[in-house]
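Working notes, structure below.
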Amino acid sequence: MRLIFFGPPGAGKGTQAVRLEATKGIKQLSTGDMLRAQIAAGSEIGLKAKSYMDAGNLVPDEVLIDMIESRISQDDCAAGFILDGFPRTLPQAEALDVMLEKRGTPLDAVLVFEVDEGELFERVRRRAAESLAATGQVRSDDNEDVLRNRLSVYRNQTAPLLPYYTEKGLIKAVNGMNPVEQVALDVDAALTK
Ligand code: AMP
């Protein structure tokens, strides 16, 4: 199964993608995690990406497109994958279509996690506090000012993908405001319909 998990930052895409990878063996590909790994490794891509990420802006399309193209070609993606955080712009979505068409492996669904903005601020506050307690560190983009910018980037650059995928008949929506266990049931139900 090839899926896109779509929604604003903090909507719960990562939590559900990690769960589906564990239960169904579909590889979770988080572009945010990949970029953070590049930063940790001190690579050229990481150096380039860091300032965009810290400000809550998007890293240039060509970096992401190359990264996803080489990642989905690997053996562990042969049975399928969940794209978590990609695509985030129209050029990324169009490049993904070209890649998948070339392989003859179309998308099965785009699962949209719907969450109110007020709840997203609450979640970022909670996530930062939990991370600080557990590791003594907070993701450099986990604060309210950066979230405000990330939401405006989402509204302006990413949300316009919804009509793109609606036209292709791929959209399935889940209510991301529900408790995580209920969202899990709704995700499973949406994917078996
Ligand atoms: P995430 O962990 O998905 O919230 O992503 C963290 C940050 O990584 C984003 O705010 C962007 O700066 C960058 N990023 C992740 N995925 C993409 C993407 N598909 N296109 C551009 N930038 C991205």
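Numbering of ligands and ligand atoms starts at 1, following listing order.
- In this structure, a donor-acceptor pair under 3.5 Å is absent between the side chains of Glu114 and Asn175.
- Geometric assessment of Lys168 against the ring of Tyr164 yields a positive cation-pi assignment under the 6.0 Å and 45° thresholds.
- Considering backbone and side-chain atoms together, Gly85 places an N or O closer than 3.5 Å to an N or O of ligand 1.
- A distance-only check finds no donor-acceptor pair linking the side chain of Thr89 to the backbone of Gln157 [under 3.5 Å].
- If you number the atoms of ligand 1 from 1 as listed, the ones under 4.0 Å from a heavy atom of Thr31 come out as 15 (C), 16 (N), 17 (C), 19 (N).
- In the vicinity of Asn57, heavy-atom distances shorter than 4.0 Å reach the ligand 1 atoms 11 (C), 12 (O).
- Of the protein's non-hydrogen atoms, Arg150 NE, 3.4 Å is the one closest to atom 10 (O) of ligand 1.
- No close placement of the Phe113 and Phe6 rings is indicated, their centers lying 6.0 Å or farther apart.
- In this comparison of Gln92, Arg36, Met34, the heavy atom closest to atom 2 (O) of ligand 1 sits on Arg36.
- Counting only N and O atoms by type, the side chains of Tyr154 and Asn149 include no donor and acceptor under 3.5 Å apart.
- In terms of polar-atom proximity, defined here as any N/O pair under 3.5 Å, Tyr52 makes no such contact with ligand 1.
- Of all atoms in ligand 1, numbered sequentially from 1 with element shown, those under 4.0 Å from a heavy atom of Leu35 are 8 (O), 13 (C), 14 (N), 15 (C).
- Within the 4.0 Å heavy-atom criterion, both parts of Val59, backbone and side chain, lie near ligand 1.
- Environment of NZ in Lys172: crowded, with over 12 heavy atoms of neighbouring residues, nucleotides or ligands closer than 6.0 Å.
- When the heavy atoms of Gln157, Arg88, Met53 are ranked by distance to atom 5 (O) of ligand 1, first place goes to Arg88.
- Using a non-hydrogen distance threshold of 4.0 Å, Arg139 registers as a contact of ligand 1.
- Side-chain atoms of Asp142 never come within 3.5 Å of backbone atoms of Val138 as a donor-acceptor pair (strictly under, hydrogens ignored).
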